[in-house]
Amino acid sequence: MNLEKDKYIIVEVIPTHSKAEKGIIAQISALKLEGLKLLDRFDYRVKDELIENNDLKEAIQYDKEAFTYVDNPHFIPEKFKSWAKDIPLLIIEESYTLDYLKELNNKKELIYPYLDMEHSYDVFNKIIKKYNLEPSNHLVDLLYEAIIYESNNKQKTNKKGTSKDNK
């Protein structure tokens, strides 16, 4: 996939359990992009009373006004499926993300190879450090910024290579 030209979606799924049959999606944050242009965002959460895990409930209390809240746990995946259409998904984590999004036929792949990184428990700290980004709870936004930095670095490298070739 060419992240500078193609349509794609960066998606973060926050579930209540690591297995889809035992939990629900507590939150989905996603950015729909065409190349580096942001087309739309998707920020949905279930209402707090649907989340039994108090640690998780507390962890997703940030930026409450930025999310649409729903009281039906099945609404978020259904709404996301219609919003995402058949656009490829760049995902943050494979195991539970693939489990919760198994109903979607979209192509799904990890985002990290596009950033020349591997998934790890501290990958977002590494991304913040590598691209000199401000910390954020919105992981999809950090990834979007990292993609922009990667694109800018490629353009600089290509310009340097071109100017050397022309001498």
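Source: prediction; values computed, not measured. Throughout, numbering of the chain's residues begins at 1 and tracks the sequence.
- Using a 30° and 60° split on the angle between ring planes, Phe67 and His138 fall in the parallel class, below 30°.
- Taking the six-membered ring for Trp and the full ring otherwise, the centers of Phe42 and Tyr44 sit less than 6.0 Å from each other.
- There is a path of hydrophobic side-chain contacts, each under 4.5 Å, that joins Leu38 to Ile147.
- For Glu150, the side-chain hydrogen bond (donor to acceptor under 3.5 Å, both in side chains) partners two or more places apart in sequence, or in a different chain, are Tyr131.
- Put simply, the side chain of Tyr96 never gets that close to the backbone of Ile14: no donor and acceptor are under 3.5 Å apart.
- Residues that satisfy the side-chain contact (heavy atoms from CB on, under 4.5 Å) test with Asn2, not counting sequence neighbours, are Glu4, Lys5, Asp6.
- Atom-to-atom distance recorded for Tyr100:OH and Ile76:CD1 is 11.5 Å, nearest 0.5 angstrom.
- In the hydrophobic cluster analysis, where Ile, Leu, Val, Met, Phe, Trp and Tyr join through side-chain heavy atoms closer than 4.5 angstrom, Met1 is grouped together with Val11.
- Residues satisfying the side-chain contact (heavy atoms from CB on, under 4.5 Å) criterion with Glu21, sequence neighbours excluded, are Lys19, Asp99.
- In terms of hydrophobic clustering, with Ile, Leu, Val, Met, Phe, Trp and Tyr side chains grouped at heavy-atom distances under 4.5 Å, Val140 and Leu39 are assigned to different clusters.
- Within the structure, the salt bridge (charged side-chain N to carboxylate O under 4.0 Å, His left out) test picks out the following pairs touching residues 31-42 (sequence neighbours left out): Arg41-Asp43, Arg41-Asp141.
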Under 3.5 Å donor-acceptor pairs involving side-chain atoms of residues 45-56, not counting sequence neighbours:
{"residue": "Arg45", "atom": "NE", "partner": "Gln27", "partner atom": "OE1", "Å": "2.6"}
{"residue": "Arg45", "atom": "NE", "partner": "Ile60", "partner atom": "O", "Å": "3.3"}
{"residue": "Arg45", "atom": "NH1", "partner": "Ile60", "partner atom": "O", "Å": "2.9"}
{"residue": "Arg45", "atom": "NH1", "partner": "Tyr62", "partner atom": "O", "Å": "3.2"}
{"residue": "Arg45", "atom": "NH1", "partner": "Tyr69", "partner atom": "OH", "Å": "2.7"}
{"residue": "Arg45", "atom": "NH2", "partner": "Gln27", "partner atom": "OE1", "Å": "3.3"}
{"residue": "Arg45", "atom": "NH2", "partner": "Ile60", "partner atom": "O", "Å": "3.0"}
{"residue": "Arg45", "atom": "NH2", "partner": "Tyr62", "partner atom": "O", "Å": "2.8"}
{"residue": "Asp48", "atom": "OD1", "partner": "Gln61", "partner atom": "NE2", "Å": "3.3"}
{"residue": "Asp48", "atom": "OD2", "partner": "Gln61", "partner atom": "NE2", "Å": "3.4"}
{"residue": "Asn53", "atom": "OD1", "partner": "Asp55", "partner atom": "N", "Å": "2.9"}
{"residue": "Asn53", "atom": "OD1", "partner": "Leu56", "partner atom": "N", "Å": "2.9"}

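- By the 6.0 Å contact criterion, NZ on Lys57 is enclosed, its count of non-hydrogen atoms from other residues, nucleotides or ligands being greater than 12.
- Considering only heavy atoms from C-beta on, Lys126 comes within 4.5 Å of Ser120 through its side chain.
- Applying the 6.0 Å contact sphere to NZ of Lys79 captures no more than 12 heavy atoms from other residues, nucleotides or ligands.
- Residues that satisfy the ring pair (Phe, Tyr, Trp, His ring centres under 6.0 Å) test with His17, not counting sequence neighbours, are absent from this structure.
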